[in-house]
Amino acid sequence: MPTIDVNGRSLHYTDAGHGQAILLIHGFPLDGRIWAGVAERLVAKARVIVPDLRGFGRHTPEDAFTMADLADDMAAMMEMLGIAPCPVAGLSMGGYVAQTLAKKYPGIASRLILVDTKAEGDSAEGKAKRDAMAEVALAEGSKAIADQMLPNMTAAEPNPAVAAELRSIMESQPPKTLAAACGAMRDREDFTDFLTAIEVPVAFIFGRDDKISPSAAIEKYAAGGNTLTLIDNAGHMSPIEQPQAVADAIAKNL
Ligand code: MLT
């Protein structure tokens with residue numbers, strides 16, 4: 001896996017295909033492997049770049065970071081690879097990174113593709129849950145986070161191979177990074193005003209059975225040039241649950 005030096009770190013990423021570039025940003029508690037099935041279906045049509053965010057995957061664990069830090073990494077990477085402006089897709093926490101990136105660096109994303117994610121910031125109750133999850137990560141490790149999250153991650157009765165792959169990706173994440181990511185998600189901005197005023201098209205792609213980020217919350221933004229695609233037989237992890245349908249929806253936004 002190649003690495004690129006951005007903001008004092010070597011970030012791992014994959015880069016395959018030619019032509020129009022697209023950046024695919026993973027969610028929590030995951031790494032770029034969550035996009036593998038989508039990426040392999042898109043490479044015939046695009047140059048597909050899939051980073052592991054700082055601290056995730058095989059990176060050195062991180063003690064603390066913000067959504068802005070993650071967006072800065074993506075902006076620097078896009079500039080160094082010469083791919084900006086291009087479509088930027090983010091899954092769940094990756095959607096928070098994508099929205100932060102588009103707001104902080106106007107014009108860097110030619111369009112946003114928001115997958116199983118939210119515009120709203122965390123409520124007070126949500127913030128308290130982030131702190132509790134960070135404590136679990138540090139005290140009990142990534143397996144405890146996987147045990148806690150997995151029942152809500154997919155549609156009911158997921159393909160066993162998909163569930164096993166998902167668990168394996170989740171359990172392999174460094175606990176320290178997971179705790180840091182909980183803090184970054186807790187403190188993220190509310191993007192509701194931003195999404196209402198954004199000037200580039202936004203494609204929303206949601207698992208029809210997403211229990212963590214239900215599509216009903218973003219339906220109001222899917223107007224004008226924006227679109228909403230609901231993926232059947234998928235929950236919060238639609239890119240790994242239904243990679244063909246998600247790749248097809250993304251391909252319409254290249
Ligand atoms: C994710 O899938 O990235 C997380 O569930 C996002 C969140 O907890 O807000």
Side-chain angles (χ1 to χ4, degrees), residues 23-36 38 50-57 62 65-67 69-71 74 88-101 112-137 142 144-155 158 162-163 165-175 177-192 195 204-207 209-218 231 234-242 246:
L23 182 70
L24 306 178
I25 308 175
H26 67 79
F28 171 93
L30 307 164
D31 59 35
R33 287 176 288 171
I34 199 71
W35 284 111
V38 171
V50 188
D52 287 347
L53 293 168
R54 68 165 73 176
F56 288 88
E62 297 271 347
F65 50 78
T66 64
M67 277 306 147
D69 291 330
L70 302 180
M74 296 301 99
V88 175
L91 167 66
S92 197
M93 182 186 75
Y96 310 152
V97 178
Q99 290 173 90
T100 307
L101 175 74
L112 278 183
I113 302 169
L114 298 179
V115 184
D116 301 319
T117 190
K118 293 179 189 147
E120 291 77 18
D122 277 0
S123 63
E125 187 193 350
K127 286 179 194 287
K129 283 188 183 160
R130 299 290 188 197
D131 291 337
M133 187 175 274
E135 280 177 29
V136 170
S142 341
I145 300 298
D147 290 344
Q148 191 170 317
M149 290 188 72
L150 266 168
N152 291 321
M153 292 287 260
T154 59
V162 166
E165 171 72 358
L166 192 50
R167 175 176 279 282
S168 155
I169 297 173
M170 294 169 91
E171 290 188 357
S172 68
Q173 303 309 315
T177 299
L178 299 190
C182 285
M185 290 192 286
R186 175 196 63 207
D187 297 337
R188 75 184 187 278
E189 277 183 70
D190 181 300
F191 292 104
T192 50
L195 270 196
F204 297 96
I205 302 172
F206 277 63
D209 304 323
D210 188 338
K211 295 185 271 295
I212 296 178
S213 309
S215 62
I218 55 82
I231 306 294
H236 187 57
M237 291 287 110
S238 60
I240 194 170
E241 296 178 85
Q242 298 298 339
V246 172

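Start at 1 and go down the list; that is how both ligands and their atoms are numbered.
For the pair L195 and F204, the minimum side-chain heavy-atom distance is below 4.5 Å. Side-chain atoms of Q148 and N152, non-hydrogen and from C-beta on, never get closer than 4.5 Å to each other. M93 has its side chain within reach of L53: a pair of non-hydrogen atoms, C-beta onward, lies under 4.5 Å apart.
In this structure, CD1 in I212 is found 9.0 Å from CG in D116, a value given to the nearest 0.5 Å. Summarising the geometry, atom CE belonging to M237 is positioned 9.5 Å from atom CG belonging to L150; distances are rounded to the nearest 0.5 Å.
One N or O on the side chain of E241 and one on the backbone of A155 form a donor-acceptor pair closer than 3.5 Å.
Residue M149 has at least one heavy-atom neighbour below 4.0 Å for each of these atoms of ligand 1: 5 (O). The contact set between ligand 1 and G27, taken as ligand atoms under 4.0 Å from a residue heavy atom, comprises 3 (O). Taking every non-hydrogen atom of Y96 and a distance limit under 4.0 Å, the qualifying atoms of ligand 1 come out as 6 (C), 7 (C), 9 (O).
A donor-acceptor pair shorter than 3.5 Å can be found between the side chains of S172 and R33.
Annotation: G94 places no N or O atom under 3.5 Å from an N or O atom of ligand 1; distance criterion only. Polar contact with ligand 1: present for F28 (N/O pair, distance under 3.5 Å). Considering backbone and side-chain N/O of K118, none are found under 3.5 Å from N/O of ligand 1.
The nearest protein atom to atom 4 (C) of ligand 1, hydrogens excluded, is given as S92 OG, 3.2 Å; this is a heavy-atom distance.
With a 4.0 Å heavy-atom cut-off, ligand 1 is reached by the side chain of H236 but not by its N, CA, C or O. Proximity of R186 to ligand 1, defined as any heavy-atom pair under 4.0 Å, is not found for any part of the residue.
Nearest residue to atom 7 (C) of ligand 1 from R130, E120, R188, H26 is R130 (criterion: closest heavy atom).
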